[in-house]
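Only heavy atoms go into these numbers, but all of them, side chains included; no hydrogens, no water, no symmetry mates. The chains referred to below are lettered A, B, ... by the order of the sequence lines, with proteins before strands, and numbering in each begins at 1.
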2 protein chains.
Amino acid sequence: MRQQLADGDRICGVRDVLDRIGDKWSLLTMARLIGGPQRYSDLRRTVEGVSQRMLTVTLRSLERDGLVTRTVTPTSPPRVDYELTPVGETPAVEVATLIGWAEAHRGYVAAARERFDREAGER
Amino acid sequence: MRQQLADGDRICGVRDVLDRIGDKWSLLTMARLIGGPQRYSDLRRTVEGVSQRMLTVTLRSLERDGLVTRTVTPTSPPRVDYELTPVGETPAVEVATLIGWAEAHRGYVAAARERFDREAGER
DNA sequence: CTGGATCCCGGATGATACTG
DNA sequence: CAGTATCATCCGGGATCCAG
């Protein structure tokens, strides 16, 4: 299996899917859903910095694309659980790996930035 | 190694790194750089739909973060090659996998969207 | 060929208030 | 608890022109 992308239309047709899983909150949200269903209120707390509105919007989009399911339990107070679909699980794990990488290389990136900015400043 | 994220500050500290590799053009650009250096003009053609400005901005960011290197060959006309750093290679491969997934599940997502919108319309 | 600089618009996102 | 509605804002990103 080749890793490098082929030319042309493969990409343009993929843009909309990429825009979904690649947007600001979907990455973190999907990663959070690994390991089982999560309640809305749980995600609200664990997806750092997400606003109520954006969490809702993000979950709707993921649901629309068939990557998560939404289950309402009509108790009082109501309870809603979100869960990855089988198809959604693959990119979620991928994304979690990416986040793990980001965590591990935080220092490297910070140092690289500092160096870049310093050298740019000297000029 | 656990896949699910831990609580709290891991995420907020990772946001800026995620915003980089997760933004609209970095994904495609990094994936394109797998397999060896690429010229600016090559990337311009192969990263579908990217504008001159955004390609430059994206490459600068990736360079600043130490994920790609920029090599100028002062010929006439000038030639500039971009290449993944060893550290940049890991997320690039990860990202390429994600793009492959997006390509493979384009149809699934499209169908899911159609169904979602149809059911929403009925109400 | 590989950019840098500027202008500018629209959509993404946050804040806030309200509801079943 | 789990949203929806509205308003204000901000900045991503395209278009264009210029330059080494």
For this session: May I ask you to decide whether B/Asp19 forms a salt bridge with B/Arg15, counting only side-chain N to carboxylate O separations under 4.0 Å?
Result: yes
I need the [atom1]-[atom2] distance between [X] and [N], as an integer number of Å.
X       : N      : atom1 : atom2 : answer
A/Lys24 : C/dA12 : NZ    : P     : 14 Å
A/Asp42 : D/dA2  : CG    : C1'   : 12 Å
A/Leu59 : D/dA2  : CG    : P     : 11 Å
A/Gln38 : D/dC1  : CD    : C1'   : 16 Å
A/Asp19 : D/dG13 : CG    : C1'   : 13 Å
A/Arg70 : D/dC1  : CZ    : P     : 16 Å
B/Arg20 : D/dG12 : CZ    : C1'   : 13 Å

For this session: Examine the side chains of B/Tyr82 and B/Thr71 and answer whether a donor and an acceptor come within less than 3.5 Å of each other.
Result: no
Ignoring the backbone of [X], work out which of [options] is nearest its side chain.
X       : options              : result
A/Ser41 : D/dA2, C/dG3, C/dG14 : D/dA2
B/Met54 : C/dT2, D/dG14, D/dC1 : D/dG14
B/Trp25 : C/dG4, D/dG14, D/dA2 : D/dG14
A/Arg39 : C/dG3, D/dA2, C/dC1  : D/dA2

Problem set entry | Audit row: B/Arg115, B/Asp117, salt bridge (charged side-chain N to carboxylate O under 4.0 Å, His left out) steps and yes/no | CA-CA 5 Å; B/Arg115 198 161 74 96; B/Asp117 293 343; over 6 Å; no
Problem set entry | Parallel, tilted or perpendicular, as decided by the 30° and 60° cut-offs, for the rings of B/Tyr108 and B/His105 | perpendicular
For this session: Kindly calculate the angle separating the two end axes of the helix from C/dC1-D/dG20 to C/dG20-D/dC1, each obtained from five base pairs, and round it to 10 degrees.
Result: 60°
For this session: Summarise how protein sits on nucleotides 15-20 of chain C as a single string, 5' to 3': B when a protein heavy atom is under 4.0 Å from the base, S for sugar-phosphate-only contact, - for no contact.
Result: B-B--B
For this session: Would you check if the side chain of A/Thr85 reaches a backbone N or O of A/Leu67 as a donor-acceptor pair within less than 3.5 Å?
Result: yes
